[in-house]
Peer 1: 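Below you'll find the structure I mean.
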2 protein chains.
Amino acid sequence: MGKPLIPGKTIYRLSIYHRCLRRLTENAMETVSSSALAKAAGVNPSQLRRDLGYLGTFGTRGLGYPIGELSDAIREVLGREHLQPVILVGVGNLGAALLRYQGFQKEGFEVIAAFDAVPDAVVTRGIEVPVHDVDLMRDFITQNEVKLAVLSVPVEHAQEVTNELVEAGIQGILSFSPTVLMVPETVTVISVDLALELEQVSFFVKRDGEPAPEVPEDKIVP
Amino acid sequence: MGKPLIPGKTIYRLSIYHRCLRRLTENAMETVSSSALAKAAGVNPSQLRRDLGYLGTFGTRGLGYPIGELSDAIREVLGREHLQPVILVGVGNLGAALLRYQGFQKEGFEVIAAFDAVPDAVVTRGIEVPVHDVDLMRDFITQNEVKLAVLSVPVEHAQEVTNELVEAGIQGILSFSPTVLMVPETVTVISVDLALELEQVSFFVKRDGEPAPEVPEDKIVP
DNA sequence: TCGTGTGAAGACGTTCACAGCT
DNA sequence: AGCTGTGAACGTCTTCACACGA
């Protein structure tokens, strides 16, 4: 069947719009125009209308979009009607910080457990999530039907742990390892490579004060 | 003048290639073919050749690319011949983890100082970088001619701190705040939004075990 | 023969511009 | 008048396919 697929980039922006809409709701607003929401999200109004077009017809010409309905529609498309349980593997510097980080909760994700090769060595100050030995990971995943994992193990163990995750049934991985992970086509991996992002910034900073040569579309916030 | 500009996405991949090349150098290799390097970097060989084409003509037909020369050429284009000093602002959970994180150093960045509104409250275990009061930030930036900053303050202070950074002369910001930062055109901002990335993964995880509907090009690692 | 370099085609994403509804 | 929805133009990125050098 022909699918009315939504482009990946649109999905990303829908998440942004969703967050903006939430702030508007708190301010007891009822409708937004494409130009207002676009400004808040840092995109072109035309692009916003195109993106929202993928959801169906929501706006009222001359008026704008109903915030509540729009927000619900986005949440449904993103598949975020229900809480998604997440596990985190690798409770080192970064992993521990991510466990203390409140941002995932705010966006509706619950990190229900963490795993580490040496859980006893983990400094659990400020961490409320239980940290187990990585040997227990597989059973935990199957028993709790966890689909999402955050991977923050050292790069040299990344592929190995990924294989375990995949075998246990994980279907999506947010990886912080600076390496290319091999996974079956059915598994989604998104990599956040901190050093690489810094390198991007560095490139666009000219040494002699001239303006940046080009705009890296996605990530730039005008 | 007509500029032979390198596309933003190519810049990003050049960083990846550079890292892969380093690993090859360690293994005492002298040349690579586009297909081998492409495989390591997780991209299409054609794309790799096109990307390297922006650097000039390096490869030898029938043989491949000389690793050393290629690596140097990329480093030059990326402007990474010399160490770039970086400061970090906001030493909370995430900020502290980033200070302990070795990945920036590995990629040739030196975090020379950190700033926080309440530096005394910061747990500096394992942190070698000095943490100063944010009041000292401005002078530090001007005196040390720092161009790059990592921003990991709470979202409600992000814009305010950004303004200070920009006024002090910072030209590139790697931000971890889930918000749109307003900066002059001369300043580059790249945002890493952790919750949004997790939301991306979540979307591509189907609830009924069918394969992912589409590939988010950039981030996916095949 | 092997593998680069590149014109040309194709896929994709963004923006314009305006018709049409309220 | 104000603002959405969308065809069409435009620009960018990716991939193909093959000529050519080693």
Side-chain angles (χ1 to χ4, degrees), chain A residues 2-14 16-17 21 29-67 69-70 73-74 200 213-222, chain B residues 2-14 16-17 21 24 29-67 69-70 73-74 213-222:
Chain A
K3 300 183 195 173
L5 279 187
I6 304 180
K9 295 204 168 173
T10 294
I11 295 292
Y12 196 90
R13 287 189 298 262
L14 285 176
I16 300 177
Y17 306 151
L21 287 170
M29 298 273 181
E30 299 205 340
T31 57
V32 245
S33 67
S34 63
S35 55
L37 184 51
K39 196 175 172 187
V43 303
N44 182 304
S46 228
Q47 176 145 250
L48 184 131
R49 292 203 297 278
R50 176 80 59 194
D51 285 340
L52 297 188
Y54 289 110
L55 306 179
T57 298
F58 270 95
T60 309
R61 296 179 191 227
L63 241 177
Y65 299 90
I67 294 186
E69 276 180 57
L70 185 53
I74 295 181
Q200 290 305 290
E214 190 167 329
V215 200
E217 99 264 3
D218 266 346
K219 299 299 188 59
I220 275 278
V221 231
Chain B
K3 303 180 198 174
L5 279 186
I6 304 181
K9 295 204 168 174
T10 294
I11 295 293
Y12 195 90
R13 286 189 298 262
L14 285 177
I16 300 176
Y17 305 153
L21 287 170
L24 291 175
M29 298 276 183
E30 299 205 339
T31 57
V32 242
S33 67
S34 62
S35 55
L37 185 51
K39 196 175 173 188
V43 302
N44 182 305
S46 224
Q47 176 144 249
L48 184 132
R49 293 202 298 277
R50 176 80 59 193
D51 286 340
L52 298 189
Y54 289 109
L55 307 178
T57 299
F58 270 94
T60 308
R61 296 179 193 228
L63 241 177
Y65 299 90
I67 294 184
E69 276 180 56
L70 186 54
I74 295 180
E214 190 166 332
V215 199
E217 100 267 1
D218 266 346
K219 300 300 186 59
I220 275 278
V221 231

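Quick note on labels: first sequence line is chain A, next is B, and so on, each numbered from 1.
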Peer 1: Hey, does A:Thr57 reach any base, or is it just sugar-phosphate, or nothing, if we go heavy atoms under 4.0 Å?
Peer 2: sugar-phosphate
Peer 1: Grab the CG-P distance between A:Asp51 and C:dC12 for me, whole Å please.
Peer 2: 16 Å
Peer 1: Would a 4.5 Å heavy-atom cut-off, applied to side chains only, mark A:Leu14 and A:Leu52 as touching?
Peer 2: yes
Peer 1: From C-beta outward on A:Asn44, which listed nucleotide comes closest to its side chain: C:dC16, D:dG5, D:dC16?
Peer 2: C:dC16
Peer 1: Between P on D:dT12 and CG on B:Leu5, what's the gap in Å once rounded to a whole number?
Peer 2: 10 Å
Peer 1: Do B:Arg61 side-chain and C:dT4 base share a donor-acceptor contact under 3.5 Å?
Peer 2: yes
Peer 1: Heavy atoms only, 4.0 Å cut-off, all strands: where does A:Gly53 land among base, sugar-phosphate and nothing?
Peer 2: nothing
Peer 1: What parts of residues 29-40 of chain B reach DNA chain D, counting only heavy atoms under 4.0 Å away?
Peer 2: none
Peer 1: For B:Thr60, answer base if it contacts any base atom (sugar-phosphate contacts may also be present), sugar-phosphate if it contacts only those atoms, and nothing otherwise; contact means non-hydrogen atoms under 4.0 Å.
Peer 2: sugar-phosphate
Peer 1: Rounded to the Å, how far apart are B:Tyr54 OH and C:dT6 P?
Peer 2: 12 Å
Peer 1: Taking the side chain as every heavy atom from C-beta outward, state whether A:Ile67 and A:Leu37 have any atom pair closer than 4.5 Å.
Peer 2: no
Peer 1: Among D:dG5, C:dT4, D:dT15, which nucleotide sits nearest the side chain of B:Arg49?
Peer 2: C:dT4
Peer 1: Write down the protein N/O and nucleotide N/O pairs, taken from nucleotides 8-10 of chain D, whose separation is under 3.5 Å; answer none if there are no such pairs.
Peer 2:
residue : atom : partner : partner atom : Å
D:dA8   : N6   : A:Arg50 : NH2          : 3.0

Peer 1: Rounded to whole Å, please give me the gap between CG in A:Leu52 and P in C:dT15.
Peer 2: 15 Å
Peer 1: Separation of B:Gln47 atom CD from C:dT4 atom P, in whole Å?
Peer 2: 15 Å
Peer 1: What's the angle between the local helix axes at either end of the helix from C:dT1-D:dA22 to C:dT22-D:dA1, using five pairs per end and rounding to 10 degrees?
Peer 2: 0°
Peer 1: To the nearest angstrom, how far is B:Phe58 atom CZ from C:dT6 atom P?
Peer 2: 13 Å
